[in-house]
Amino acid sequence: MPSDAELLVVKDLTYSYLGRFPALDGVSMSVRRGEKVALLGANGCGKSTLLKVIDGLVFPDAGNYFAFGEEVTEDKLEDRQFNEGFRTRVGFIFQNSDAQVFSPTVREEIAFGPLNMAMDRRQVEARVADTLEMLGIAELADRAPYQLSGGQKKRVAIASVLVMNPEVLLFDEPTAALDPRSQQWLMELIVELSDAGKTIVLATHDLGTLDVLADRCVVFSERHQVVAEGPPNDILADRDLLLSVNLIHEHTHLHGDLAHHHVHEIGHHHEPEPLPDLAAERTAR
Amino acid sequence: MHIPDGYLSPETCGVFGAGMVPVFATAGKRVRRVVKSRYVPLLALAAAFSFLVMMLNVPIPDGTTAHAVGAVLIAVILGPEAAIIAISTALAIQALFFGDGGVLAYGANTFNMAFVMTMVGYFLVYKPLTRNVSLTSPRRAFAAALGGYVGLCAAAFCAAIEFGVQPELFKSASGAPLYAPYHLAQTIPAMMVAHLTVAGGVEFALTLGVILYLQRANLPVLRINHADASESDADLAKPPTRLKWWYALGPIAAIALITPLGLIYNSGAFGEDPARAKPVWHHVLFSGYDFSHDKHPAVGYIISAFVGAALIALVLFGLFGLSRLVQRRRPPAAQPAGPTTAGPTTLGPTMLAPTMLGPTTSTAALTADRPPPTTISPSRTPDWLIQSQVGMCPCGCIGKRQRGSYVQKTLSGGATLMRQAMFGEDVATGPGLLQRIDPRVKLLTMLSVLIGTALVRNIEVLLSLYAVTLVLAVASHLKLSFFVKRVWLFIPVFTGVVVLPATLNIVTAGHIVVPLGHWWFGHRIGMTSQGLHSAALIVSRVAVSISIVVLLTLTTPWAKLMAALRAIYVPRMFIQIMAMAYRYIFYLLGSVDDMYTARKSRMVGADTDVKAGRAFVAATAGALFGKAHTLSEEVYMAMVSRGYTGNAVSIDTFQVRALEAVWVAACAVTIAATVGIDRAIGR
C-alpha cells in the first residue's frame, strides 16, 4: 500500500517503555527516497524511539511499519534473508558512540557489519580500508576504541555503518557532544551522503543546523505525537509552535536600562559562520 | 582468593583444569540455549562487574586475598550457567592481563569462585529459600544475599583445602614443602575468618543492594532468569511460607556429623597446643571437645559439635528475630516517594533546615522528588551539595577518611589499571623480539614454559629461568626497571610478606638458623633453614611465573591475545564476552569514579555511622548495575543494527614464519633443559 517513492512509512505507532512510560502515541509519517528528514522535538519526546523502530530494533505496541514496500515485524526479522537485506539497507548511528564501538580494535569494529553479512574476507578488508581512508581515521585502525576521543569515536561509529553502504542512514543527535570543527565536518558529510543519493533521517533539537541538514521537518510534541510537518524555514518561522513543543524558551534580557523579552533560540545566538554559504552552495548546485 | 601460580603443584592445577573443562562445556552449551543472544552484552557486563568487585580486596596471611565475587548475584539475574561463564571471564582477564591469579591455577580459581560458589550459593541457599516468594519481595533479596555469603565462604573453604593439602602431598626429601607451606590447620582458620567476616559481609551487602535496586528500578532484568515468578505478593495464591527455624537443622546436623574429620589431624590446630596453653578460663563444659576422657573421641566430638552449634543457632535466631522486628517497622518497599517521604534520614539535610540552605524555593523543589532513603536513583538530585558548602572543612580534618578508604582503594586501583592498559598497548605494538612472534605461538609456548617452571624444585634453576625472562624483556625493548618493578613490586613482595610467617619454626619445623627470642609462651622462636628454603623456593617460583605472564601480556595487544585464544579453540562466545567485558571495565570504572565524586560531595559531615558506609558500597553497586544494563541494551541494539544474529566473526589472520619455528624450538630446549637439570640436581 505505500507508494514506491515512500521508502519508509510508519502508521499509528504506539510504544511505551516497560509498558508504563509512553514514548510514541499514534505517530504516522513517511520518508521518501533520497530525502533528508529531521525529527524535531525536546528531550524525551520519542524521536530516538521512532528511529529505533525504523531500524527494527524495537517493535511498536500498536501500529505498522513498512520499509522498502514490505512490513517490518519481529517475526520477519528472524528470517535470515530478510534480516540481512534489511540490515544492509538501513544503518543507524547512535547518539552514544560508546555503545556503538564495542570491538577490540577500530579495524574490527568497522569489519563487524560486513562480516555479519557474510561478505568475502578480502572484500571486507578492502572496504574497511576504503572507509578508514574516506573518514580520515586510517591511522587509528589498530587502536582500541576506548582510547579514542569523542570526535574520533563518532567517526569510527559512522565508518562502521557506512562500510555496509546502506540506502537509509539514521542519525540520532548527530552533532551532540561534538566540538564545532567535528560538527562542521559531520554536517558536510551528511550533505555529501545525501547528494550521493542516500536517504537521511535524523533526530535533533539543534535548530541552527536544520536548514542545511533537512529538506523536511517532523515536529514532535512532549506528548509523543506529531504536531507539525514542513520545510525547515516554515517550521523555524513558526515561533508559537516551537515554543509549544519546548524547543525554544522565552528569555529576559537586559540591554542597558531596558528590559526586553525575546524568544531565545540556540541557532540564532551562535550560528556557525559558514552555514549559510554551504546552504546557498547546495541550492545553487 | 586468587591463587597465584607457584602456590599449587602442577598436578593439582592439572586436576582442576581438567575438571573444569566439562563444567565450561556444559555451562557454555546451556548459556547458548537458555540465555538469548541479546543477553551476551549483559553477560559481558556481569563479568566486568565481577572484575571490579574482586578489586576490593584485603590480603590475608596465607598467600591469598579476601574479596567479594558477585557470583550468586549474577546467578540470580542471569542464571547459574551464565554466572559460571561471567566469573570465569573476569578471572581470565585478571590472570592474563593483570597478573592477579595464576594462569596454571586458573582451573582451581574457577573451580572455587565460579563453580563452587555459584552451585552452593544458588542451588543450596537461594533456590530453596525463594520457593513461592514473589519477585519483589525483600525476602528474595535477602535470600540472594545469604546465598552470596554462604557461597563465598564455601569457595574460600575450597581454596583453603587446596592450599592446605600442598605441604602434605608435595614435599622435598628433607620434608620442606615445595609449594604452599601452610597446613590445613592454618589455612582453614585464616581463610574462613577473613571470609566469614569482611569479604562475606561485602558480598552480602553487594548482592542485597543490587537485588533491592533491581526490584525497585528495573524489574525486567530480574525477569530474565525468573520468567514465571509472580510479581508481587498479591499475585500469590497462598501466602509465602515463613522461614521455619527447623529448616536450619539439616545443614547444621550435617556439618556436626562430619566434625570428626578434625580428629584426623593429630597435630592439633595452629596455636592451640593444649600443652603450651595457659588457660585463664577454667569453666568449660566439654574440655577439649570431650567429656568421656578420650574413651570415645569421635562421639565426644560430635556431641560437642551439636552443643556448640545449638548455642550458635540460638544467637543467630535471636538476631534473625531482631531483624524481622526491624523489617516490620520499615514502610512497604516499592511505594513511590511522595513529597512528604523526604523525612529525616541519617544522612539527609532536611533536619538542618532552610536557614543553612540556599533559597528555600529551590530547596523545596530539589527535595520534593527525593526517593525514600534506601532507594538509589541514578538521577538523584545532589541536594546535599548546597549544605556541604556550609559544613566543609577546608583542611579535610573531619576525619572521615577511613570510611571512604575502601572505595578509594578500588578507585586508585582503577586508575592504575587504566594506566597499565594504556601503557601496555603502546609497548605491545612497538618493535621487539616477542612482539614479532605470532600471538598463538607465543601463547602456547609461554604456557608450556609456565608448566615447566611449576615442575622445577631447585632455587638455582628458577634463578636462571628468571635471568632468561630478563633477557627476553630486554630483547623485546621493555624497560628493564619497569619490567622488574612490575613483577616484584606488585605481587611477589606481597607473596613475601605472606610466606614470611612460614619461615618460623612454629609453622615449619626444623633447625633454627635465625633465632628471634622467646616469644611464644616461653618457647624459642626463630626462622628455620627449612622454612627459609621453602619460602625462597615459593617466592622465586612465583616471580618467574609472573614474569612469564607479564612478558606475554606486555608484548601482545589485547585484541591479538583474544585472537590467539580463538585460534587455540577457546569457544567464540567466551572470547566475545571477554573482549566486551574488558571494554566495559573501563567504562564502569569511569562511572564509579563519577558516582563516587558526585556522592562524596554529598557525604560531608553526614557520614557518621557504619551502616552508611556499607550502604554506599551496596548503593553504588546497585546504581552501577542499572547504568551498565542500560548500556548493554544499547550495545546490543548497535550490534543487531549491523546484522548481528548471535555469531561472532572476526577478521584476524595469522602467519607462521621461520621466526616462530626458531622460537618454538628454543622454548622446547629451555623447558627440557630446566626440567632435566632440575631433576639431575635432585633434592
Original post:
Only one of Ile158(A), Val128(A), Val161(A), Leu162(A) clears side-chain contact (heavy atoms from CB on, under 4.5 Å) with Ile110(A); which?
Top reply: Val128(A)
Original post:
Regarding Thr556(B) and Lys442(B), is there a side-chain donor-to-acceptor distance under 3.5 Å anywhere?
Top reply: yes
Original post:
Any luck finding a side-chain donor-acceptor pair between Thr14(A) and Asp61(A) under 3.5 Å?
Top reply: no
**OP:** Check each atom of Thr88(A) against the heavy atoms of chain B and say whether the ones under 4.5 Å are side chain, backbone, both or neither.
**Re:** neither
**OP:** Against chain B, work out which of Glu109(A), Glu84(A), Glu78(A) has the most heavy-atom pairs shorter than 4.5 Å and name it.
**Re:** Glu109(A)
**OP:** Can you tell which part of Phe92(A) gets under 4.5 Å to a heavy atom of chain B, answering side chain, backbone, both or neither?
**Re:** both
Original post:
Hey, does the Lys NZ or Arg CZ of Lys76(A) hover above the aromatic six-ring of Phe82(A), less than 6.0 Å from the centre and inside 45° of the axis?
Top reply: yes
